[in-house]
Structures are given as structure tokens and as C-alpha cells.
Amino acid sequence: MIIGPWIAWTMALGPAVAVAPFAAFTLYVYLRLKIKGVQVEAECETYRLVGDKHCLKYRYADQAERERVRIVNLSFPVPRAKKGRPLEVVYDPARPARSRSRHELNRWIPWAGVTVGTYLFVQLVLGIIGGAFLYVGMFDR
């Protein structure tokens with residue numbers, strides 16, 4: 001049995017297969033909030049820069065007047081977030097604990113920039129290496 005092509009295909013497609021379920025779920029939440037989300041005004045409790053992460057904590061009330069809290073570390077700043085100030089938030093009425101700030105939803109992709117760039121770089125490098133192995137037939141020997 002020739003095992004070489006399997007190694008090359010794993011190198012070429014492995015990162016995409018491993019990350020796809022997480023990316024699909026993140027995209028699902030992002031699109032659901034954009035389409036069916038309810039916008040409310042939240043109170044920003046904490047916003048600070050820790051290293052290269054922007055730590056945001058806000059509190060909002062859902063349709064049942066239940067108070068919800070979200071704590072998130074972002075790789076990008078949220079310009080209007082300041083302690084004690086109102087913050088526009090969108091939550092999912094079917095799952096009120098699931099929310100994002102309006103600023104997060106205004107981004108054109110739901111993933112943090114560095115994470116996506118790193119993933120695409122790794123996928124590109126492994127795809128080129130795996131593709132080269134398949135083209136040359138290096139593992140067929």
C-alpha cells in the first residue's frame with residue numbers, strides 16, 4: 001500500500017479539516033446575530049488593554065428582563081467601550097446569553113484578524129508543501 005499520498009493530502013487539507021467545525025460555528029453565531037439578533041443597550045463594566053488583548057465586560061438585560069454578563073478578550077479595540085458608558089449590544093433571542101457588541105458585528109469577518117491570518121498562512125504553507133509532494137510523487141517511492 002502506498003502511504004505517501006495520504007501524508008501529502010493530510011498536510012494539504014489537515015488544517016482546514018481541523019478548523020472547519022469551529023469556523024462554521026463562529027460564522028453561524030455571527031450570521032444569526034446579524035439576521036435575528038435583538039439590539040439593546042448594555043453597560044460597559046470593564047474595558048482595558050492587557051498585553052495585546054482588549055478585555056471587555058458588559059452587562060445587559062434580555063427580553064425576560066434577566067441580567068446577562070459577557071466577558072471577552074478581543075484582538076481588536078472597541079472604540080466606544082469605556083467603563084460606565086452605554087454600549088450597543090446584539091443578543092440572540094433564542095439563546096439570550098449569546099451576544100456580541102455592535103462593533104464586533106460590524107466587522108466583515110467574525111474571526112479576530114491575527115487568528116485568521118495565522119491560519120491562512122499555515123494552510124497556505126502546508127497546502128503548497130502537500131501539493132508539491134503530490135506533484136513530484138515524492139512519497140510514491
Side-chain angles (χ1 to χ4, degrees), residues 1-140:
M1 180 177 163
I2 299 174
I3 198 156
W6 290 105
I7 295 171
W9 279 110
T10 301
M11 288 176 69
L13 301 176
V17 171
V19 172
F22 302 107
F25 179 74
T26 302
L27 185 60
Y28 165 76
V29 170
Y30 173 81
L31 291 175
R32 180 159 173 90
L33 286 171
K34 283 195 78 89
I35 294 168
K36 296 187 177 187
V38 175
Q39 184 169 322
V40 294
E41 194 173 273
E43 179 187 347
C44 180
E45 290 192 354
T46 308
Y47 182 71
R48 64 178 186 263
L49 183 64
V50 178
D52 62 344
K53 296 290 182 188
H54 298 265
C55 302
L56 174 64
K57 178 182 178 184
Y58 58 81
R59 184 177 304 271
Y60 64 98
D62 63 17
Q63 72 268 20
E65 297 300 319
R66 185 169 176 200
E67 203 166 83
R68 307 282 182 165
V69 175
R70 179 171 182 237
I71 302 170
V72 63
N73 292 323
L74 303 168
S75 63
F76 52 87
V78 180
R80 295 194 173 129
K82 297 214 182 344
K83 184 176 181 177
R85 289 187 54 194
L87 182 67
E88 292 179 356
V89 168
V90 177
Y91 73 89
D92 185 348
R95 292 184 179 253
R98 186 180 291 162
S99 69
R100 301 289 182 271
S101 71
R102 173 57 67 193
H103 184 73
E104 288 176 85
L105 290 177
N106 285 342
R107 295 174 59 84
W108 66 280
I109 56 172
W111 303 281
V114 174
T115 305
V116 172
T118 303
Y119 166 73
L120 290 176
F121 176 75
V122 169
Q123 180 64 49
L124 178 68
V125 169
L126 290 177
I128 290 171
I129 292 170
F133 285 162
L134 284 171
Y135 179 74
V136 173
M138 183 174 191
F139 290 123
D140 292 341

For R32 and D92, indicate whether the former's side chain and the latter's backbone hold a donor-acceptor pair under 3.5 Å.
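Checking the backbone N and O of D92 against the side chain of R32, no donor-acceptor pair under 3.5 Å is found.
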Is the shortest heavy-atom distance from the side chain of P86 to the side chain of E43 under 4.5 Å?
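The answer is no; the side chains never approach within 4.5 Å.
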Would a 4.5 Å heavy-atom cut-off, applied to side chains only, mark R95 and V29 as touching?
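The answer is no, as the side chains (C-beta and beyond) never meet within the 4.5 Å cut-off.
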Straight-line distance of [X] [atom1] to [Y] [atom2], nearest 0.5 Å:
| X | Y | atom1 | atom2 | value |
| --- | --- | --- | --- | --- |
| S101 | E88 | OG | CD | 9.5 Å |
| L33 | R102 | CG | CZ | 9.5 Å |
| L49 | L56 | CG | CG | 12.5 Å |
| N73 | D52 | CG | CG | 10.0 Å |
| R80 | R85 | CZ | CZ | 8.5 Å |

Report the C-alpha separation of V90 and R100 in whole Å, then their side-chain angles, then the decisive distance to 0.1 Å, and conclude whether the side chain to side chain contact (heavy atoms under 4.5 Å, CB included) test is met.
CA-CA 6 Å; V90 177; R100 301 289 182 271; 5.7 Å; no
Polar contact flag, side-chain donor to acceptor under 3.5 angstrom, Y91-Q63
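There is such a pair between these side chains.
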Locate the shortest heavy-atom distance separating [X] from [Y]; write the atom from each residue and the value.
| X | Y | result |
| --- | --- | --- |
| V89 | S99 | CG1-CB, 3.9 Å |
| Y47 | A81 | CD2-O, 3.2 Å |
| V69 | R59 | CG2-NH1, 3.2 Å |

Kindly check if the number of other-residue, nucleotide or ligand heavy atoms within 6.0 Å of NZ (K83) is above 12?
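Atom NZ in K83 is not crowded, with 12 or fewer foreign heavy atoms closer than 6.0 Å.
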Tell me whether the guanidinium CZ or amine NZ of R107 lies under 6.0 angstrom from the six-membered ring centre of F76 and within 45° of its axis.
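Geometry flag: set, cation within 6.0 Å and 45°.
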Let's go through H54 and S75 carefully: what are the C-alpha distance in whole Å and the side-chain angles of both, what is the deciding distance for side chain to side chain contact (heavy atoms under 4.5 Å, CB included) to 0.1 Å, and is it a yes or a no?
CA-CA 6 Å; H54 298 265; S75 63; over 6 Å; no
Where do Y60 and R68 land on the side chain to side chain donor-acceptor pair (under 3.5 Å) test, with the steps shown first?
CA-CA 5 Å; Y60 64 98; R68 307 282 182 165; 5.3 Å; no
